[in-house]
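Down below is the structure, laid out as structure tokens.
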Amino acid sequence: MNKIAAVVSDIESTDIVTYITLLCNETQIRLIKTKTPVWAAVGEKVFFTFQEASVCVSKECPGKVSIENRIPGTLKKIRSKDSLCELTFDSDLGTVVSLVTEKACHELGLEVGCEATMLLRGVDIHLEPDVVPMTVESFKKRAGTKVAP
């Protein structure tokens, strides 16, 4: 599972879905959710997660594609076993791992050091709050409760 820290930069609610835009370094990631999580707000620190099998890879991405999240990266490692390849990329998001078939890896001509684009559907991304651990004292202080001596 890929887990990456980001900040919520925009929330756009429609009658059908909510679009949540995240910012990680200089890269925007757009999620599609059925509704806005109650804890989500613009400026909030969050984590977004997605499975390795949800990351599509392309060396050349000509023409129109319905996937908005396109993350350029450099292939750092290929691990192959049982007809699958685990691809490890370095990107503006940090390390991203993709899982593709060996056939797809060979057909794309992927090799360590090559540049590629990772495509990630907004519906495949999960969102979770960046929760800071609290002590009893810090919780009481935040809640406005006096701490007993």
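Because the structure is a prediction, the values reported are computed rather than measured. Values below: every heavy atom of this structure, side chains too, minus hydrogens, waters and symmetry copies.
Judged as a side chain to side chain donor-acceptor pair (under 3.5 Å), the pairs with a partner in residues 95-106 (not counting sequence neighbours) are, in order, Ser80-Glu102. Listed by first and then second residue, the salt bridge (Lys or Arg N to Asp or Glu O under 4.0 Å) pairs that reach into residues 114-123 are Arg121-Asp124, sequence neighbours excluded.
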Name the atoms and distances for all side-chain donor-acceptor pairs under 3.5 Å in residues 15-22, with sequence neighbours left out.
| unit_1 | atom_1 | unit_2 | atom_2 | d |
| --- | --- | --- | --- | --- |
| Thr18 | OG1 | Thr36 | OG1 | 3.2 |

Donor-acceptor pairs are to be reported for all side-chain atoms of residues 47-54 against protein atoms at under 3.5 Å, with residues two or more places apart or in another chain.
| unit_1 | atom_1 | unit_2 | atom_2 | d |
| --- | --- | --- | --- | --- |
| Glu52 | OE1 | Met1 | N | 3.2 |
| Glu52 | OE2 | Met1 | N | 2.5 |

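Side-chain atoms of Asp92 come within 3.5 Å of backbone N or O of Glu26 as a donor-acceptor pair. Within the 3.5 Å criterion, the main-chain N or O of Val46 finds no donor-acceptor partner in the side chain of Asp130. For the pair Asp90 (side chain) and Thr74 (backbone), a donor-acceptor distance under 3.5 Å is absent.
Rounded to the nearest 0.5 angstrom, Ile29 CD1 and Ile125 CD1 are separated by 5.5 Å. Residue Glu68 holds its CD atom at 10.5 Å from CG of Leu31, rounded to the nearest 0.5 Å. If you take CG on Leu84 and CZ on Arg79, they are separated by 10.5 Å, rounding to the nearest 0.5 Å. Interatomic distance, Leu110 CG to Ser58 OG, rounded to the nearest 0.5 Å: 9.0 Å. Taking CD1 of Ile32 as the start and CD of Glu12 as the end, the distance is 10.5 Å to the nearest 0.5 Å.
Between Lys3 and Glu128 a salt bridge is recorded (basic side-chain N to carboxylate O distance below 4.0 Å).
Looking at Leu93 and Asn25, their side chains never come closer than 4.5 Å, going by heavy atoms from C-beta outward. Val96 is not listed as a side-chain neighbour of Thr88, based on a closest heavy-atom distance of 4.5 Å or more. Between Glu44 and Pro129 there is no side-chain heavy-atom pair separated by less than 4.5 Å.
The side chain to side chain contact (heavy atoms under 4.5 Å, CB included) test applied to Ile78 returns Leu75, Cys85, Leu87, Cys105, Val112, not counting sequence neighbours. Among residues two or more places apart in sequence or in another chain, the salt bridge (Lys or Arg N to Asp or Glu O under 4.0 Å) test is passed with Lys59 by none.
Nearest heavy atoms, Ala6 versus Cys24: CB-CB, 4.2 Å. Closest approach of Pro37 to Leu127, counting heavy atoms only: CG-CD2, 4.4 Å. Closest heavy-atom contact between Ala116 and Phe89: CB-CE2, 3.8 Å.
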Practice task
Decide yes or no on side chain to side chain contact (heavy atoms under 4.5 Å, CB included) for Met118 and Cys56, but give the supporting numbers first.
Solution key: CA-CA 6 Å; Met118 294 166 283; Cys56 298; over 6 Å; no
